[in-house]
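Take a look at the structure below.
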Amino acid sequence: MLKIENLVYSIGDFKLGPVSFSMEKGDYLAVFGPSGAGKSLLMELIAGLRFPSSGSICIDSREYINTGAQNRPVGMLFQDYALFPHLSVFENIAYSLKLKKTNRSTIEKRVKELSEYFSIGNLLKREIEGLSGGEKQRVALARAIAYDPLILLLDEPLSALDEDLRLEAVETLASLKRAGQTIIHVTHNRNEVGTLATRNLNLSDGQIK
Amino acid sequence: MKIRNNFNYTHSLFILLGGVILLFLIAPLAGMFLSVKAPELFATLEDREVSESIFRTLAISALATGIAAIFALPLSYILARKKFPLKGLLEAIIDLPVMIPHSAAGIALLGFISRDSALGSLASSFGLNLVGSNVAIAMAMAFVSLPFLINSAKDGFAAVPVRLEQAAETLGATKFRIFTQISLPLAKRSVVSGLLLMFARGMSEFGAVVIVAYHPMTTPVLIFDRFNSFGLSYARPVAVIFVTVTLILFILLRIYQKRKC
């Protein structure tokens, strides 16, 4: 499914890698590490937002090392959710589908399906401003998987949530896992992925330990 | 208690000093408006030369702003997003028209568009004489007012979180779509403010315009022409009408800036 080999990236004095690991479809990989370990850099490299100096990123036996983020089958949930504030909840979720010129009825069907799955059906006409942290996270998750990416990257998905919303969010992630979504979950908190992760990876100072 | 008295005294002094500056800004304009008699004003409003010059000034400035925006907005975006060698020099060049005397800008432009120049001779080969044309007026307006658009739009683009652009990229957006669908709508307020500022600054320009095109007359040139030829009482009503048009635009700009996104 995903095979990363000898991935190396340098920025200033910091060097990430060489990093190598692989995942099978449906795996839930937790990447641990303290702040500054290079976790977010690794996510951005897999997403195609940065390009490594060397290495290989194969997804379903296809090399993506020189492919930009727009053409990678990788969805990403950002730490701050990065929802588009000038678009409604519906338009946020439908964004990737509109880019792919999906017809209107298919978009409406898919957004309805996702909004029911994430219990946000009543929010579709709302603006992003005014949503709670938990609602924003569910909208961002719906947006990230709307076009069925093969891999979903979660960058510290629970860090912006209050304690009482975390359990709810963990349940949402667990249901995605049960649905067979391949997930890489980056966190500095081992406890939050205890019941979710099928595999772990410990990153420290740019190296896998 | 003593500190409180000192505080009030300082602020009272500041209000007094600030009041002098406000009076300095308001008094000449208020005086000009009050000294114009209604019959003069109505006669000037019916003067075709005045109405045509106002229409010409607004139309050329709007056109210059629109055309310049096609080139200026991508530049603003690059300046907001990219780091590159000599960026500081480039930003200084962009600010240059604000610093140099506008008559000097007019002289520089005149050399650039005269028949002897490459651009002027190219235009001549198509039967166009740039000097003294609407094109020359538009170029002079754009030259002196472009920094307002570029800098305002640059600040607007810089305020758009890079994360949003990255999110759009992971969802499949090309760089061009990211610009048109994410960055530009989110920087809209600054971009529109910049466009209005450029338009307002361009239509008010006299120094550069009068050098490249005395005729056809824009309103600032007409005000100068009437003052030079007939005196203050002939120039004043035209000035009052033009300042009113400018004030309306300025009020619209302020309303737009204060509006909720």
Side-chain angles (χ1 to χ4, degrees), chain A residues 40-41 43-51 64 67-88 91-102 127-130 136 139-156 160, chain B residues 69 73-74 76-88 149 152-196 253 255-261:
Chain A
S40 293
L41 268 182
M43 291 291 100
E44 289 177 7
L45 287 166
I46 298 170
L49 295 169
R50 292 176 189 265
F51 292 93
Y64 281 93
T67 306
Q70 67 175 102
N71 293 318
R72 289 195 191 190
V74 178
M76 186 160 177
L77 178 78
F78 291 85
Q79 194 172 351
D80 56 1
Y81 310 131
L83 291 166
F84 307 132
H86 60 303
L87 302 181
S88 68
E91 288 166 327
N92 263 276
I93 299 171
Y95 187 77
S96 62
L97 302 171
K98 282 183 182 168
L99 287 173
K100 293 187 190 329
K101 305 211 185 301
T102 312
E127 290 183 6
I128 298 305
E129 194 185 333
K136 280 183 183 170
V139 173
L141 271 172
R143 185 182 70 174
I145 64 165
Y147 68 101
D148 287 323
L150 296 176
I151 298 163
L152 177 63
L153 308 175
L154 311 173
D155 189 4
E156 302 273 6
Chain B
L73 293 181
S76 302
Y77 183 73
I78 293 293
L79 289 172
R81 281 285 179 259
K82 300 287 178 191
K83 288 179 183 168
F84 50 87
L86 302 178
K87 185 179 171 185
L149 172 59
S152 180
K154 183 180 78 177
D155 292 345
F157 288 130
V160 176
V162 176
R163 273 279 182 247
L164 297 183
E165 296 181 349
Q166 289 179 329
E169 205 176 344
T170 63
L171 293 168
T174 60
K175 298 283 184 194
F176 184 72
R177 279 193 186 272
I178 292 169
F179 177 75
T180 55
Q181 296 181 341
I182 306 296
S183 317
L184 196 57
L186 289 173
K188 189 176 77 177
R189 279 225 296 182
S190 299
V191 169
V192 174
S193 290
L195 289 169
L196 284 171
L253 173 67
I255 292 169
Y256 182 77
Q257 283 174 330
K258 284 190 183 296
R259 213 178 55 158
K260 190 177 173 287
C261 278

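Just so it is clear: chains get the letters A, B, ... in the order the sequence lines come, proteins before strands, and each one is counted from 1.
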Where A:I151 and A:L153 come nearest, the two heavy atoms and their spacing
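The pair with the smallest heavy-atom distance is CG2-CD2, 3.9 Å.
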| said: I'd like to verify something: which residue of A:H86, A:R72, A:K100 has the highest number of heavy-atom pairs under 4.5 Å with chain B? | reply: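 That would be A:H86.
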### Message
Which atoms of A:L83 are under 4.5 Å from chain B, going by heavy atoms: the side chain, the backbone, both sets, or neither?
### Response
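Backbone only.
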Which atoms of A:Q79 are under 4.5 Å from chain B, going by heavy atoms: the side chain, the backbone, both sets, or neither?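 Interface part for A:Q79: neither.
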Looking at B:E169 and A:R50, does any basic side-chain N land under 4.0 Å from a carboxylate oxygen?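 Judged by the 4.0 Å cut-off on N to carboxylate O distance, B:E169 and A:R50 do not form a salt bridge.
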Quick one: side chains of residues 139-149 of chain A, donor-acceptor pairs under 3.5 Å with protein atoms, not counting sequence neighbours, listed by atom name and distance.
{"from": "A:R143", "atom 1": "NH1", "to": "A:A82", "atom 2": "O", "distance (Å)": "3.0"}
{"from": "A:R143", "atom 1": "NH1", "to": "A:N92", "atom 2": "OD1", "distance (Å)": "3.3"}
{"from": "A:R143", "atom 1": "NH2", "to": "A:Y81", "atom 2": "O", "distance (Å)": "3.2"}
{"from": "A:R143", "atom 1": "NH2", "to": "A:A82", "atom 2": "O", "distance (Å)": "2.8"}
{"from": "A:Y147", "atom 1": "OH", "to": "A:V74", "atom 2": "O", "distance (Å)": "2.8"}
{"from": "A:Y147", "atom 1": "OH", "to": "B:T170", "atom 2": "O", "distance (Å)": "3.1"}
{"from": "A:D148", "atom 1": "OD1", "to": "A:R110", "atom 2": "NH2", "distance (Å)": "3.0"}

Short side-chain donor-acceptor distance under 3.5 Å, B:S190 and B:D155: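 The answer is no; no qualifying pair exists.
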Q. Relative to chain A, which segment of B:E165 carries a heavy atom at a distance below 4.5 Å: side chain, backbone, both, or neither?
A.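 Neither part.
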